[in-house]
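Report on the structure given below.
By convention in this document, chain letters (A, B, ...) are assigned in the order of the sequence lines, proteins followed by strands, and residues within each chain are numbered from 1. Heavy atoms only: backbone and side chains are in, while hydrogens, waters and symmetry mates are out.
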Amino acid sequence: MSKELSTRADNYSQWYQDLVVKADLAENSAVRGCMVIKPYGYAIWEKMQATLDKMFKDTGHVNAYFPLFIPKSFFSKEASHVEGFAKECAVVTHYRLKNGENGEIIVDPEAKLEEELIVRPTSETIIWNTYRGWIESYRDLPLLINQWANVVRWEMRTRLFLRTAEFLWQEGHTAHATAEEAVEETRRMLDVYAEFAEKTLAIPVVKGTKTANERFAGALDTYCIEAMMQDGKALQAGTSHFLGQNFAKAFDVKFMSKEGKQEFVWATSWGVSTRLMGALVMAHSDDQGLVLPPKLAPIQVVIVPIFKNEEQLSGITVVVDKIIAELKSKGITVKYDNRDTHKPGWKFAEYELKGIPVRIAIGPRDLENGTVEVARRDTKEKSVMQITDLAVKVEHLLDQIQTNIYSKALDYRETHTYKADSYEEFKKLLDQGGFVLAHWDGTTETELKIKEETKATIRCIPLNNKQEEGKCIHSGKPSTQRVIFARAY
RNA sequence: CGGGGUGUAGCGUAGUCCGGUUAUCGCGUAUGGUUUGGGACCAUAAGGUCGCAGGUUCGAAUCCUGCCACCCCGACCA
């Protein structure tokens with residue numbers, strides 16, 4: 001069949017690529033490095049957005065929108081920030097086309113912009129430039145704003161969802177009167193992300209801080225949530241930055257304190273992107289296709305009728321209509337696939353590929369017995385159920401699936417997290433794939449050496465990390481805690 | 001951006017080394033019929049700038065040059 005996937009064991013990255021395309025989530029576009037997110041994939045993203053947006057609003061944030069283009073001069077105002085993004089910026093230099101000598105369309109050399117515009121790779125600069133005008137007094141603080149937007153980072157190598165030149169995300173940018181408040185905000189949003197990952201995406205994550213080397217360009221501290229994919233590689237699923245007063249100083253954003261003094265404000269920024277779509281696929285799916293957590297599945301239940309003729313179908317439909325009404329009344333999204341152009345077996349395979357959590361099949365035998373066949377996507381278990389109270393049972397089952405997917409992922413992570421106490425052991429464990437907890441002397445130098453020699457990076461220093469005496473895996477110098485090493489996406 | 005690989009119908013492919021009728025096969029698509037509890041079968045049909053642009057040749061999917069896209073590996077990154 002043309003719908004066949006590579007297997008995870010065979011070729012993990014091919015499997016991922018196949019799955020994203022064949023499950024109709026996204027495809028490569030005519031534009032290098034940029035993807036088309038297809039309706040089914042976008043529907044999942046919309047559910048993520050809806051859930052996150054509510055969580056942001058519940059924590060006091062409001063949405064706004066800032067320009068796609070950023071004047072080049074803004075970028076140079078925060079030194080480490082420019083340095084971090086300079087190598088991957090798309091730049092607009094002209095504003096007009098015209099007909100060339102041979103009738104082709106060319107960029108009009110006369111229409112050069114006086115100042116080039118950068119297509120935003122992130123919006124700190126334009127936002128902080130704007131905030132200067134909005135903040136005068138401590139009464140204007142805190143300023144808690146989020147934006148849903150697209151950004152562009154000119155990547156050399158791209159992979160659908162995981163790394164594309166253009167991607168969708170949200171970026172929160174907040175301003176506070178004190179460092180404590182800003183740190184608190186940074187941590188609060190990290191918690192929001194972790195809760196979202198675990199409860200909605202059903203992906204367990206480790207909360208932690210990045211090392212100086214992995215820190216966001218312009219931040220004092222970068223917090224992150226790290227997840228493990230089914231090939232044992234780590235994926236950063238969200239970040240929250242404490243920016244200190246760097247941007248306030250660069251853009252001269254001051255406020256009058258209660259004491260009547262001019263002070264620079266304290267900043268945070270935090271974001272998650274369509275990369276989460278990639279995480280979702282890689283964390284749960286199997287060789288038959290997607291496995292979607294019920295909370296994100298655009299269709300939670302599909303009903304497939306088994307019939308030989310019109311008459312049978314209409315008999316089944318009478319029963320199905322009642323089931324649909326019941327399911328809908330419980331807020332469950334349901335699709336009735338009564339097409340006669342495809343056989344049931346074809347539909348089963350198709351909905352497995354699409355990751356629909358629950359499938360209900362109903363045929364003549366069921367009509368006689370007052371039953372349906374219920375199949376769950378996560379375990380592929382099938383059971384025959386009485387139609388009585390079916391909606392309640394299905395609702396329950398969806399909850400179970402959500403929980404089961406999470407615990408499966410958690411179990412995978414736990415069985416693929418190791419401790420290493422020698423560099424030899426460390427390298428061996430990395431090759432098996434997974435998180436390796438090891439002592440590190442705290443220097444960037446050692447971190448970079450390990451990266452060079454093993455391709456592993458320090459994913460994070462877990463929050464509330466257990467303190468223990470030890471020796472750095474590489475340099476042998478004393479260390480007080482283990483950090484998480486892994487190869488990463 | 002460096003190394004490798006691949007581009008032939010919607011998808012997957014044969015043919016390319018060694019140039020020669022009308023470019024192969026499978027899936028999918030359309031129509032008709034038989035089917036329908038795990039990706040049905042038969043028949044018929046439609047579908048091609050052989051990635052793009054040049055060149056060599058009587059003749060190019062095939063040889064040469066340049067370019068483009070995608071995949072894998074490295075450097076960079078959410």
Side-chain angles (χ1 to χ4, degrees), chain A residues 1-6 11-14 16-18 21-22 27-35 83-89 121-122 151-171 193 210 213-217 222 224-227 234-241 269-279 288-289 304-310 312-313 316 337-353 359-369 371-373 375 380 382 384 448 451-452 455 457 459 488-489:
Chain A
M1 285 301 292
S2 64
K3 286 278 172 80
E4 223 150 81
L5 297 169
S6 306
N11 186 341
Y12 192 83
S13 68
Q14 190 64 50
Y16 171 79
Q17 207 83 25
D18 284 358
V21 172
K22 288 185 174 153
E27 64 186 36
N28 280 305
S29 71
V31 185
R32 175 195 200 121
C34 296
M35 65 178 163
E83 206 186 309
F85 287 106
K87 280 173 285 180
E88 47 187 21
C89 285
T122 179
V151 286
V152 169
R153 295 182 190 175
W154 213 259
E155 299 290 347
M156 289 305 163
R157 268 182 72 192
T158 59
R159 301 181 72 190
L160 292 170
F161 290 120
L162 296 175
R163 182 171 302 111
T164 47
E166 179 192 17
F167 57 94
L168 307 184
W169 77 345
Q170 58 68 216
E171 44 182 327
Y193 287 154
K210 287 290 186 190
N213 177 53
E214 298 270 329
R215 205 173 281 155
F216 174 76
T222 287
C224 63
I225 51 172
E226 290 286 327
L235 186 136
Q236 180 176 304
T239 49
S240 185
H241 314 289
S269 72
W270 28 273
V272 298
S273 72
T274 36
R275 183 178 232 204
L276 289 178
M277 294 286 296
Q288 276 67 52
V304 177
I306 315 286
F307 59 98
K308 289 198 203 308
N309 51 49
E310 277 295 315
Q312 274 186 353
L313 177 60
I316 290 167
D337 187 350
N338 58 0
R339 290 178 296 174
D340 62 358
T341 51
H342 295 280
K343 292 182 55 171
W346 188 92
K347 293 177 186 174
F348 293 174
E350 182 67 13
Y351 292 118
E352 274 164 17
L353 181 64
R359 181 187 74 228
I360 297 176
I362 174 165
R365 283 208 305 265
D366 293 305
L367 286 193
E368 282 173 29
N369 303 332
T371 58
V372 293
E373 182 197 78
K380 301 202 193 68
K382 290 194 278 197
V384 174
L448 290 175
K451 184 177 175 183
E452 199 183 317
K455 289 170 198 148
T457 48
R459 301 318 305 159
Y489 279 99

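Remark: B:C25 base-pairs with B:G12; criterion is Watson-Crick or G-U wobble with both hydrogen-bond distances under 3.5 Å. The base-pairing partner of B:C17, taking Watson-Crick or G-U wobble contacts with both distances under 3.5 Å, does not exist among the strands shown. Searching all strands for a Watson-Crick or G-U wobble partner of B:A61 with both distances below 3.5 Å returns nothing. For B:C52, the paired nucleotide is B:G66, the pair qualifying as Watson-Crick or G-U wobble because both relevant distances are below 3.5 Å. Nucleotide B:A43 has B:U31 as its partner under the Watson-Crick or G-U criteria, with both atom distances under 3.5 Å. When Watson-Crick and G-U wobble pairs are counted only if both distances are under 3.5 Å, B:G74 pairs with B:C1. B:G37 makes up no base pair with any nucleotide shown, lacking Watson-Crick or G-U wobble contacts both under 3.5 Å.
If you take CG of A:Asp340 and C1' of B:G32, they are 15 Å apart, rounded to a whole angstrom. Atom CG of A:Asp337 is separated from atom P of B:U36 by 18 Å (rounded to the nearest Å). One can place CG of A:Asn28 at 20 Å from P of B:U6, the figure rounded to the nearest angstrom. Summarising the geometry, the separation between CD on A:Glu310 and P on B:U34 is reported as 14 Å, rounded to the nearest angstrom. Atom CD of A:Glu373 is separated from atom P of B:U36 by 17 Å (rounded to the nearest Å). Following rounding to the nearest Å, A:Gln312 (CD) and B:U35 (P) show an atom-to-atom distance of 12 Å. When the P atom of B:U36 is taken as reference, atom NE2 of A:His342 falls 17 Å away, rounded to whole Å. Look at CD1 on A:Ile306: it is 7 Å from P on B:G38, rounded to the nearest Å.
When the P atom is compared between B:C68 and B:G12, the two are found 23 Å apart, to the nearest whole Å. Here the separation of B:G5 from B:U65, taken at their P atoms, is 15 Å to the nearest Å. Rounded to a whole angstrom, the distance from the C1' atom of B:U44 to that of B:G4 is 46 Å. Annotation: B:C50 and B:A60 have their P atoms spaced 12 Å apart (nearest Å). One C1' atom belongs to B:A14, the other to B:U6, and the distance between them is 16 Å to the nearest Å. Taking atom P on both B:C41 and B:A61, the two are 35 Å apart, rounded to the nearest angstrom. Nucleotides B:C64 and B:A45 place their P atoms 39 Å apart, quoted to the nearest Å. Remark: the separation of the P atoms in B:G2 and B:G66 is 14 Å, to the nearest Å.
Checking B:C71, B:G37, B:G74 against every side-chain atom of A:Gln14, the shortest atom distance belongs to B:C71. The side chain of A:Ala349 approaches B:G38 more closely than any other nucleotide in the set B:C76, B:G37, B:G38. Relative to the side chain of A:Arg359, the nucleotides B:U36, B:G38, B:G37 differ in distance, and B:G38 lies closest. Side-chain proximity of A:Lys455 to B:G39, B:G74, B:C71: nearest is B:G74.
Heavy atoms of A:Leu162 sit under 4.0 angstrom from at least one base atom. Using a 4.0 Å heavy-atom distance criterion, A:Thr239 is classed as making no nucleic acid contact. Among the heavy atoms of the strands lying under 4.0 Å from A:Glu155 is at least one base atom, whether or not backbone atoms are also near. Across all strands, A:Ser29 comes closer than 4.0 Å to no nucleic acid atom at all (heavy-atom distances). Among the atoms of the strands shown, none is found under 4.0 Å from any heavy atom of A:Thr122. The residue A:Gly33 sits close only to the backbone: its heavy atoms come under 4.0 Å of sugar-phosphate atoms, none of a base. A:Asp366 comes within 4.0 angstrom of a base, heavy atoms only. Residue contacts shown for A:Phe216 are absent, as no nucleic acid heavy atom lies under 4.0 Å away. In this structure, A:Glu352 reaches the bases: a heavy-atom distance under 4.0 Å links it to at least one base atom across the strands shown.
Phosphate contact (OP1/OP2 of B:A40, side-chain N/O of A:Lys343, threshold under 4.0 Å): present. The side chain of A:Ser13 places an N or O atom within less than 4.0 Å of a non-bridging phosphate oxygen (OP1 or OP2) of B:C72. Look at A:Lys451 and you'll find a side-chain N or O under 4.0 angstrom from OP1 or OP2 of B:C76. The shortest distance between the side-chain N/O atoms of A:Lys87 and the OP1/OP2 oxygens of B:C76 is not below 4.0 Å.
Going from atom CZ of A:Phe85 over to atom CZ of A:Phe216 covers 4.5 Å, rounded to the nearest 0.5 Å. To the nearest 0.5 Å, atoms CG (A:Asn213) and CG (A:Leu448) are separated by 4.5 Å.
Across all non-hydrogen atoms, the minimal contact from A:Leu160 to A:Tyr16 is O-OH, 2.7 Å. Taking both residues in full, the closest heavy atoms of A:Arg159 and A:Ser13 are given as NH2-CB, 3.0 Å, listed atom of the first, atom of the second, then distance. The minimum heavy-atom distance linking A:Cys34 with A:Ala165 is given by the pair SG-CB, 4.1 Å. Summarising the geometry of A:Thr239 relative to A:Cys224, their closest heavy-atom pair is CG2-CB, 4.2 Å, with the distance given to 0.1 Å. Residue A:Tyr489 comes nearest to A:Arg163 through the heavy atom pair C-NH2, 3.6 Å, listed as atom of the first residue, atom of the second, then distance. Contact record, A:Leu367 with A:Ile362: CD2-CD1, 4.2 Å, taken as the closest heavy-atom pair.
Residues A:Phe307 and A:Phe85 each lie close to RNA chain B; by heavy-atom proximity, the contact nearer the 5' end of the strand is made by A:Phe307. Comparing A:Leu160 and A:Glu88 against RNA chain B, the residue whose closest nucleotide sits nearer the 5' end is A:Leu160.
Checked by distance alone, A:Lys382 brings a side-chain donor or acceptor within 3.5 Å of a matching partner on the base of B:G38.
For the pair A:Arg359/A:Glu373, a side-chain contact is recorded, criterion being any heavy-atom separation below 4.5 Å from C-beta on.
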